[in-house]
Structures are given as C-alpha cells and as structure tokens.
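What follows is one structure encoded as structure tokens, with my remarks underneath.
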Amino acid sequence: MAEGQVAVPTLATEPRQRGRLAGFIPVAIALVIIGVVVVAAALGDLIAPRDPNAQNLLVGDVPPNGQFPLGTDQLGRDVLSRIIAGARTALVGPMLIAVGGMTIGTILGMLGGYLGGRLDAIIMRWVDLMYSLPGLLIAIVIVGVVGGGYFMAVIVLIVLFSPADTRIVRAEALRQRPLPYIEAARTLGVPTWRIMFVHVLPNVLPVVVSYVFLDFAFGLVSLSGLSFLGLGVPPGTPDWGRMLFENRTVLFTNPLAAVAPGLMIVAAAAAMNIVGDWLYERFASSGAGR
Amino acid sequence: MTLGWLARFLASRLLVLIPLLLVISFGVFSLLQLAPSTPERILLGGRPSTPEVLAAIRERYHLDDPFLVQYGRWLVGVVQLDFGTSIRAGEPVLPMIIRRLDITVFLGLFGFVIALVVGLLVGMVAALRRGSPLDRALVALSVVGVSAPAFASGILLLYLFGVVLDWFPVFGAGDGMLDRLWHLTLPAVALALSAMALIVKVTRAALIEELERDYVAFARARGLSFRRVLFGYALRNALVSVVTASGLVLIYMLTGAVLVEVTFTLPGVGSLLVEAVQGLDIPLVQGLVIVIAVFIVVVHLIIDILYRLIDPRIRFGGAHG
C-alpha cells in the first residue's frame, strides 16, 4: 500500500490521538459494571438483603418500597435479592462458554491456519457448515429434547461458539505464517509444535483474549435466552433470563420485576462488548498493520 | 446476457444441498433416540399406561423395526409432505405448522425491512460523518443493540410503549392488514434491534473502506459529483458485504422470532417450536426443524445468486461455491 504518499482528501479525518483518553471513559464504566456483577456472584448470599427464594404470598407483587427496593414478584419474592443471586448463573455459564469455545477455536484455528493442507480444508468445511446454521435454534432443540439442564446448555453453546473462534484464530495464524521470525525459527530447526505454541501463540493471544470478552457477551445473551424459554436452569432458579419470563405477567403492577433483570443482561453484555472491542483496538489490530 | 450461468449454478448447488438436507433429516430423526425416555413413553406424553397400551403404540409407530427402517419410512413420508402426527394435538404436523406460518412470516419480514432500511441509513450517515460525535454516538448505540437480546428489548419496549405510553397493544396479533401492522410493530422493532446493529456495523465499515479507495478520489478529481460517486460506485461496492450480512440477519430473524413470539405471546411458528420442545412432541419438532432447514437452505441460495448479480467478478470468476 502506498501509505502516506498521496494525501487523499477524505471526507473526515479520524481524530485518533484526541480520542484516547475520552475513549477510556466507557471502558471504565464497563469495568465497574463487570466488577459489580463479579462481586454479586462471589458474595451473593452475604450481600443480598433477603433470601432470594423466600416466598411471601401475603405480600404478592408490590412495586418498590422501603422494605423491597425493587419490589416483589408474583410470589412475593424480593426482586433485588433475586437479581443479586442471579449474577452467579449470568457469570459462570457465559465464562465457561467463552473460555471453552475459544480453547477449541484456538486449537483448531492454530492447526488449520499454521499447518494448512487437508486438515485445514476439513476444519474450514466444518466451520462453514456451522456458520450457515442458526445456533440458538439448535441449542433450543437439543437442550429441550435431550435435557441436561444448565450445563448441557453450556456444553451445546461451547460447541456452537467454537466455529467462529476457529475462524478468527485461523486468520491470525495465517497472518503470522509468512513473517520473518517464523522463517528464522524454521531455519534454526525449531520443531513445528514449538513454533506454533511457543512463538505463534503469544502473537495470536491479544485477539484470543479480546474475543473471549466478546464471546462472553454473546454467551450471556444466548444462555439467558434459553433460560427465558424455560430451558437450562431448573424452575425457581433466580436467573435473569428466567425472571424476565416469569415476571412478564406483573408488568402492570411491578414493571421493575421484569425490566430490571432485562437491563442487567443488556448492561453486563454491553460492558463485556465494550471491553472486548477496546482490547481488540488497543492490542490486537495494531499488530495487523491497520 | 444469458441466464445460463444461473441454471448451471443452481444445478451445482442442488448437488450439495440435497445431501445436506439428508444429513440434517437424519440428525433430526435421531433426536427421538437421544431423548431421555423411550419413544413410546414420549409418544404417550407422560400419561399412565399398561404394558398392552405400550405394545400397541410400539406396533402402531413401528418402533420394533430397525432404526434405519424407521428412518426410511419417515423420510419417504417427508418427501411426500407427510410429516407424521403430532402427539399432543393428534393432528397432522404440516397443517399445524402452516396455520402458524403467517404471523412468523409477517413478523420476520417486517423486522427484516426495519433492520435493513434503518441499518443502511444509519450506517451510511455514520460512515459519511466518520469521527464526529454523531458517529461515535451511533457506534455506541449499536454496541448496546448487539448486547440486547430480543426478549429483553421486547420487554423494555412493551413496558415503555405498551404500558407507560399506551401507544401500542400489549397482546394479540391483530386481524386484517392495518391492525396486524399495529399489533406487530413492537415485536418487529424488538426483533430488528440487534440485527440492525449488525447492519450498521457492516455498512459503516464497508463504506468507509470504499470511500478511501483510489477510484473515489479519481472520480472526484475528474469532476463527478460526490452524490454520483457515492450512489453510483462506492455504495454499490459496499453492498456486497451488506448482502452477506443480510443473509445472516434473515436467518437470525428465525431465532429472534422464537424469543419475540414468546415475549409477546404471539401464536407463530417460533412459539410452536417452544411448545413442541417443552411438550417433547417429537414428530412436531422434527417437522419444524425440516421446514426451518429448507428455509435456511433457500436463503443461502438466494444470497449466493444475489452476490453474482451484484458482483460480476464472482459470476465469471469460475467460483462454483
């Protein structure tokens, strides 16, 4: 590319330098949101004001008041305590999905991208096939018919997430392959597996880590979608997706019972997306020469 | 220009797609075997039974035949558009699906049009005002859009526009064209939101890339108006990526429709799938999956044809897919 040779008059020049500090503000907010969710998941029982599963049918569904900061659901359960307790399924499952999918994706992507050949062709065939299918629908059918609950949902989503991760890691590995350091290592007789996992992997890692965050966001959205449909978590579990479904019916009496868990899903997923995007732009795309 | 390439392309594609559908149908049929209960118990749907009843069911559904024979019998039925009988409703599967189809098709197309039109416009504006506060605000909004699952945005819309403002109905699908449009506006917007975010992202990135190319600077230097360069060249080239994305969006509409139909209690194909899965109504699940698989295959076929219409290089490049 003839970079910087001709000053092409573009419509708007990107103010790159100016935006660095200002661009960090959303990331800081996102990190605070993630921190709050992590603390809620870790300390759930200690900081919840009430027992999240204690029913109080005499109270019924009431709007927020001094006793119940976010009101109660139709069984008289405290919405705030249930949201705090729900942080656990909102954190553990998506984390397993993101890390598990990316582990499979990294192995297959490195093998396909670096070794190439027939193995690569087979891997990419599989990736293309999975790409053309609606992942969440498959998860709905398998988890719904075969059963297995929350962890079955997590396993199915790990498998469904891995093709996208494979494609991303493979593209990165392909980008590394023609670089001089690989050639040098090969000339020196470094074994292939050592080049792949000791030399190439660290260079692919920034992309891997950014996509773990992006996968987390999509994993949360997918997993809470399954819970929303009554697949995954058992009935009565405090889970944000499940709360949305159960509390649709009290939208007129205590709307927060359904709106608050919905906002929590969006906030947590958006926070993960923002951090993932920021990591990618800060650490991954610079090496790609963009 | 002849359409010979189209016929050749369709023929080569069908050679790939028919085996693919066979594989999917086999997977779907195996579901019955994977379910955590014996087929006859599922067919009974949890009702109490005697050994005689169970034997009668095994006989009636040919469950004592080898698996492949059962599959073959089912497949012959599917090819003749006989998808079997629903366990719960006791009626043929296909008419049940067709009856629920109109709401889902209406909802999906409505959502698709909203996502595509608004997404393209917003993406173009963001690309043309790149780096401005407006662009950054639109990009930030699209991050929120990607993060909002259809059921969460659905509940928020339902609360805001249905309960607080009372502009739209909160229940039902409506009768007649206008009434239905009014009833399905909130569900369609909920369905469109996250897909729209994807279209914005893709349009913005593709258009920015095109506008930086040399041919744009050259055309401007030759005195062509910016409008002509934008609509005549840059946008058309950017559309190739948008077409790819819109195929994904159309398929996403299906997944989204499942969530949105449950959120808004609409009797469509999506909520039928959820009912079938929850009730372990295996014949109905199998029928639905086959219908959905055919739909997906057709969408991919249309996208592949559109590619070749927009970009002659793919058409004549000898790419057979």
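Throughout, a chain's letter reflects where its sequence line sits, starting with A, and its residues are numbered from 1. Quick note: numbers below take in every heavy atom, side chains included, and nothing from hydrogens, waters or symmetry partners.
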What option among [options] has the most heavy-atom pairs under 4.5 Å with chain B?
{"options": "G230(A), S224(A), A258(A)", "answer": "S224(A)"}
{"options": "A269(A), G262(A), A267(A), G241(A)", "answer": "A269(A)"}
{"options": "V266(A), D277(A), I140(A)", "answer": "V266(A)"}

Would you mind checking which part of [X] comes under 4.5 Å of any heavy atom in chain A, side chain (CB onward), backbone (N, CA, C, O), both or neither?
{"X": "L248(B)", "result": "side chain"}
{"X": "V262(B)", "result": "both"}
{"X": "T263(B)", "result": "both"}
{"X": "L273(B)", "result": "side chain"}
{"X": "V143(B)", "result": "both"}

Can you find a heavy atom in the side chain of [X] that is under 4.5 Å from one in the side chain of [Y]?
{"X": "L259(B)", "Y": "L136(A)", "result": "yes"}
{"X": "T265(B)", "Y": "R248(A)", "result": "yes"}
{"X": "L137(A)", "Y": "V289(B)", "result": "no"}

I need the residue from P149(B), A140(B), G270(B) with the largest number of non-hydrogen atom pairs under 4.5 Å to chain A. P149(B)
For [X], is the [atom1] atom crowded, meaning more than 12 foreign heavy atoms sit under 6.0 Å from it?
{"X": "F112(B)", "atom1": "CZ", "answer": "yes"}
{"X": "F218(B)", "atom1": "CZ", "answer": "no"}
{"X": "F218(A)", "atom1": "CZ", "answer": "no"}

Turns out that what part of L220(A) lies under 4.5 Å from chain B's heavy atoms comes down to neither
Bottom line for I138(A): the part with an atom under 4.5 Å from chain B's heavy atoms is neither
Only counting residues at least two apart or in another chain, list the ones meeting salt bridge (charged side-chain N to carboxylate O under 4.0 Å, His left out) with E210(B). none
Closest non-hydrogen atoms of G225(A) and F151(B), given as atom of the first, atom of the second and distance, are CA-CE2, 3.2 Å
Between A270(A) and S147(B), what is the shortest heavy-atom contact and its length? CA-OG, 3.1 Å
